[in-house]
Amino acid sequence: MKTSFQVDNQFLSAALKNELAQNAESQTPENNWLTKIRSYSYADFLKQNLPTRKVEHWKYNELFFLTQAEFSSSPLASRTQSEISDLTLALKNAFTVVFINGQYSPQHSSDLIDSHVSATPFSQANTKQIELITSSLSSAQQSTNLLIQLNTSLSQDGLLIEVESNKKIGKPIYLFHLNTSADENQICANQTLVSCGTGSECQLIEHFVSEKCEATQLALQQSVVHLQENSQCNHYRLNLEASTSMQVSRALFLLEKDSSLNSFYYSEGSQLNKTDIDIHHRGKNSESNLTGIYLPSETQCIDYHTNIEHQIANCTSREVFRGIIADSAKATFNGKIHIFKDAQKSDAQLSNKNLLLTNQAEINTKPELEIYADDVVCAHGATVAKIDDKAIYYMQTRGINETRAKKILSIGFINELLDKVENEALSHYLKDQVQICLSDIK
Amino acid sequence: MLKIKNLQVKVEDKTILKGLSLDIKPGEVHAIMGPNGSGKSTLGYVLSGREGYEVSGGSATLNGDNLLELDADERAKKGLFLAFQYPVEIPGVSNMEFLKASVDTVRDYQGKEALSTVDFMKLAREKCKAVNLDPNFLKRGVNEGFSGGEKKRSEIMQMMLLEPSLCILDETDSGLDIDALQVVADGVNACRDENRAFIIVTHYQRLLDYIVPDKVHVLSDGKIIKSGGKELALELEEKGYSWIEKA
Ligand SMILES: Nc1ncnc2c1ncn2[C@@H]1O[C@H](COP(=O)(O)OP(=O)(O)OP(=O)(O)O)[C@@H](O)[C@H]1O
Ligand SMILES: [Mg+2]
C-alpha cells in the first residue's frame, strides 16, 4: 500500500479554487471574522500539502482518490418535507435541524421558540456569540487533518446551537444531514457548533444520510461541542450514507469542569468514512464515555482516529469501540490517550475489538499512549479475531445453520455496546439496522 | 435407529476410528467406556458433523438417513443431539436467545407449531429447574463463566428442550458433584422412552447405577473390542481395560 502521496488542491474544481482564493483576498467589513477564519484555514490547508510526517495520519486510508478525481461545489438543492421525513429517524418529539448538502435548511427545521434551545447561523451571530464561536473554533484549528482545514475554508457559514444554562432539555436535538445525488463529483462542507450551557442537560443526535448516485459525494464536516461547567450531553453520531458517499469529518468535544459526555458512534454503508474524534478534558472532574460500532462491508472503508486529551487533573475517560469487518472491507482504529504533565489522577481506559468475517477483510488497530503525568490509571487493549469455528459448530449441533450462527455471533459481538443506547427509539432503530446490515453474512 | 458399520475416521491424517460398528434400537441405552484417547469423543464429533473429521470408510445412518453427508445442523434437526464433554462458551450471545433460535428451527423442521416467546420462556425455566439450574442462567451468555458442572447440567437442559431421538452424552458425569450426578441421571431417565435412544460415554460405573444401560461397549484404539450387559461395567471397574486389550 502507498504510505504517502501528495494531496494538493488539484482535486478542487477551478471554480472552487477561484472562490477560495477570492475569499482569502476579500476583506468585507461584515462577517470579517468568518472570512478571516476561512482564509487562515485555507492557507493552512495549502501549507500542509507537502507530504510531512503527518501523512502517517492517512496511511491506512483511501484518500488516494483525491489525486485522481475532481470535485466541484455541491449545488443548492431542495427537497420536499415528505422527502425529508422519509429519511429522518422516527424519534418521538425531537427538535429537528436539517442540513442539505451541508447547508442549514430552516424551512425543514423545528421551531425552537420557548424551547431553551436556539439555532443561529454564524453569519447572524451577535457579538457575544461571535466570541463564543471564535474561541471554540480556535481550539478546533489545531486539527492535523488537512481536509478539516479545508472544511473550514469551504464553509461559507456555520450553525451555532445553544442550550440554555441550567435547563434540562427533554427532547433530543436531532441534526439531520442529507447529501443529495449528483451527476458529477461534488464536495460539501458543514460546520456546527453546539454550546451546552452551564448546568444544562441535553441529548444530541447527529445523523448523516445520502442519496445514492453515479458520482462521488465527498462530505466534509466538523462538529464542535462545548460542554460548559457541570453540563451533561448524551451524543450520538450515526453515519448511514449510501455506498457512493465519502465523509471526512471531525467531532471535537471541549469538556469544562464537572461536565459529563456520553458519545456513541455507528457507521456503515458509505465508501469511506473517516471520523476524527477529539475529546479535550479542559476542566477538572470532567468525564467522557465513548462507544463505537463500525460495520464496513463490500469494499468500504471506515476509519476512526480518536484522541482523548487529559489536559488537567482528575478526569475520567472510557472508550470502547468494536468493529465487524465483512467481505473485502477495511477499517482503521487509532485510539490515542494523551495525558498532560499536570493531569494527575487521570483515569483513562480504552478497548478496541474487531471481528473479521473473511480472509480479505482488513483491520489496522493501534492504541497509542502518551503519558506525561505519573499518578494515573491508564489501560488499553486491542484485539482482532476471526469468527469462532467451534462456536459455529456448537450452534449447528443445536440445529442453527452456519449462516444464522455467524449472524448471531456477530450481533453477540456488539450487543453490549448497543445496549448503551439510552434513547429508546434510537435503540430500536439501531438494533433493526444491525440486523439488516448483517443480513448478508454468508 | 442408529446403524454404524465399519466406520473409519481420520483427523489430520491420523486414523482414529478403525472400523467401528454399532447398532442401536429405539428405546435402548448403550454405554461406551474405554481408555483415554481411544476415540470416544471422536465418535460423537463425527456423528454430529464436526468439520475436520474425514470418513475414510464405513457408514452411519440415523433412521435410514445417511448421517455422514448432512451438515451438522441438519443432523440436529433430524433428532441427533450431542452433549459435549467440553461445551463451548459464547460470550455476548444470551442463552435465552440461543435456545430460542435452536428450539424454533428444530420445531419448525419437525413440523411442530412455533412456541410463543412467553411459552418458550416458561418451558425453558421449567427445564432449568429440572436440572437444578437457576433460571437466571438463561440471561447469561451461552456457557459464559459457567462452572464445569453447570455447563454439563446446561447441556442436559438443552437436550430436554430439544427432545431429540438420539442423545449422545460425552462424559456428562465428569466433574459433577454427587447431587448433580443424581440430578443429571434423573433428567436422562425422565427422557427415556421407547422411541428415544442414548449413547452414554463415561469412565465411571457409578453413573450406570443411576442410568441402567442395555448394553456396555469397550472402545479401545478406535474399535469396539468387547460388548456386554450392564455387568461388564462392574467388571471393568474392578479389573481395568488391560485384560480385554490383551485378549
Ligand atoms: N485434531 C487432532 N489432531 C490430531 N489428533 C487428534 C485430533 N483430535 C483428536 N486427536 C486424537 O485422537 C485420539 C482420540 O481422541 P478422543 O478425544 O476421541 O479420545 P477420547 O476417547 O474421547 O478420550 P478421553 O477419554 O480422554 O476423553 C486422541 O489420541 C487424540 O489425541
Ligand atoms: Mg473424550
Side-chain angles (χ1 to χ4, degrees), chain A residues 291-295 320-324 351-357 359 381 383-421 427-428 430-432 434-435 437-439 441-442, chain B residues 44-53 70-110 140-144 151 154-155 157-159 161-164 166-168 170:
Chain A
T291 309
I293 296 172
Y294 45 95
L295 308 171
V320 181
F321 270 69
R322 287 192 191 169
I324 301 174
S351 141
N352 173 233
K353 289 187 183 173
N354 297 282
L355 186 63
L356 300 178
L357 295 181
N359 289 329
T383 63
V384 178
K386 296 221 154 141
I387 208 137
D388 182 357
D389 287 340
K390 282 202 190 113
I392 292 194
Y393 162 59
Y394 185 75
M395 294 173 94
Q396 280 185 296
T397 65
R398 302 306 184 242
I400 300 166
N401 71 34
E402 188 179 344
T403 311
R404 180 95 190 279
K406 277 190 185 171
K407 201 173 149 181
I408 293 176
L409 287 174
S410 300
I411 291 169
F413 186 72
I414 50 175
N415 243 343
E416 72 183 91
L417 271 57
L418 283 173
D419 286 341
K420 293 194 190 177
V421 175
S427 167
H428 282 298
L430 284 175
K431 283 184 176 164
D432 289 347
V434 162
Q435 296 275 354
C437 181
L438 296 175
S439 64
I441 289 180
K442 279 165 277 283
Chain B
Y45 292 148
V46 77
L47 291 178
S48 68
R50 184 171 185 165
E51 266 179 46
Y53 289 76
L70 298 173
D71 284 343
D73 56 297
E74 297 289 330
R75 301 182 198 198
K77 288 177 196 156
K78 288 191 185 288
L80 186 140
F81 182 89
L82 171 64
F84 283 80
Q85 184 175 0
Y86 305 109
V88 181
E89 298 198 11
I90 313 179
V93 177
S94 86
N95 226 350
M96 184 62 101
E97 181 193 358
F98 164 69
L99 294 173
K100 177 90 167 58
S102 166
V103 170
D104 281 353
T105 32
V106 171
R107 284 184 75 98
D108 181 56
Y109 183 86
Q110 294 170 348
R140 287 170 61 175
V142 177
N143 291 319
E144 192 181 1
K151 280 181 184 158
S154 170
E155 294 287 287
M157 187 260 290
Q158 292 180 17
M159 180 182 86
L161 271 176
L162 290 171
E163 302 179 341
L166 175 71
C167 312
I168 307 170
D170 191 357

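Computed over heavy atoms, backbone and side chain alike; hydrogens, waters and symmetry mates excluded. All values derive from a computational prediction rather than experimental measurement. The sequence lines fix the lettering, A, B, ..., with proteins before strands; numbering per chain opens at 1.
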**Report entry** A/Asn352 side chain vs A/Phe321 backbone, donor-acceptor pair below 3.5 Å
**Finding:** yes
Query raised in the report: Does any heavy atom of chain A fall under 4.5 Å from the side chain of B/Glu74, the backbone, both, or neither of them?
Result: neither
Query - Part of B/Arg50 lying under 4.5 Å from any heavy atom of chain A - result: both
Report task. Could you walk me through whether A/Lys390 and B/Glu89 pass salt bridge (Lys or Arg N to Asp or Glu O under 4.0 Å), step by step? Result -> CA-CA 9 Å; A/Lys390 282 202 190 113; B/Glu89 298 198 11; over 6 Å; no
Query raised in the report: So does B/Arg75 pair up with B/Asp71, basic N to acidic O under 4.0 Å?
Result: no
Report summary line: Whatever's closer than 4.5 Å to a heavy atom in chain A on B/Pro164 counts as neither
Query raised in the report: So do the side chains of B/Glu155 and B/Gln158 get within less than 4.5 Å of each other, counting heavy atoms only?
Result: yes
Query - Toward chain A, the part of B/Val103 with a non-hydrogen atom under 4.5 Å - result: neither
Query raised in the report: Relative to each other, are the rings of B/Phe84 and A/Tyr393 parallel, tilted or perpendicular (30° and 60° limits)?
Result: perpendicular
Requested in this report: Specify which of A/Gly399, A/Gly412, A/Ala391, A/Ala405 makes the most heavy-atom pairs with chain B at under 4.5 Å.
Outcome: A/Gly399
Query - For chain A, the option from B/Asp73, B/Val88, B/Thr105, B/Leu162 that forms the most heavy-atom pairs under 4.5 Å - result: B/Asp73
**Report entry** Atom group of A/Leu409 that falls short of 4.5 Å from chain B, counting heavy atoms
**Finding:** both
Query raised in the report: Between A/Tyr394 and A/Arg398, is there a cation-pi geometry (under 6.0 Å to ring centre, at most 45° from the normal)?
Result: yes
Requested in this report: Would you give the length of the straight line joining atom CG of B/Leu80 to atom OG of B/Ser48, rounded to the nearest 0.5 angstrom?
Outcome: 6.5 Å
Query raised in the report: B/Leu161, B/Val106, B/Leu82: which one forms the most heavy-atom pairs within less than 4.5 Å of chain A?
Result: B/Leu82
Requested in this report: Could you tell me which portion of B/Asp104 (side chain, backbone, both or neither) has an atom closer than 4.5 angstrom to a non-hydrogen atom of chain A?
Outcome: neither
**Report entry** Residues A/Lys431, A/Asp419: salt bridge by 4.0 Å N-O rule
**Finding:** yes
Report task. For each of A/Asp389, A/Ile400, A/Ile408, A/Ile411, tally heavy-atom pairs with chain B at distances under 4.5 Å, and name the one with the top tally. Result -> A/Ile400
Query raised in the report: Tell me, side chain or backbone of B/Tyr45 under 4.5 Å from chain A's heavy atoms, or both, or neither?
Result: both
Report task. Please state whether the side chain, the backbone, both or neither of A/Asn401 comes within less than 4.5 Å of a heavy atom of chain B. Result -> both
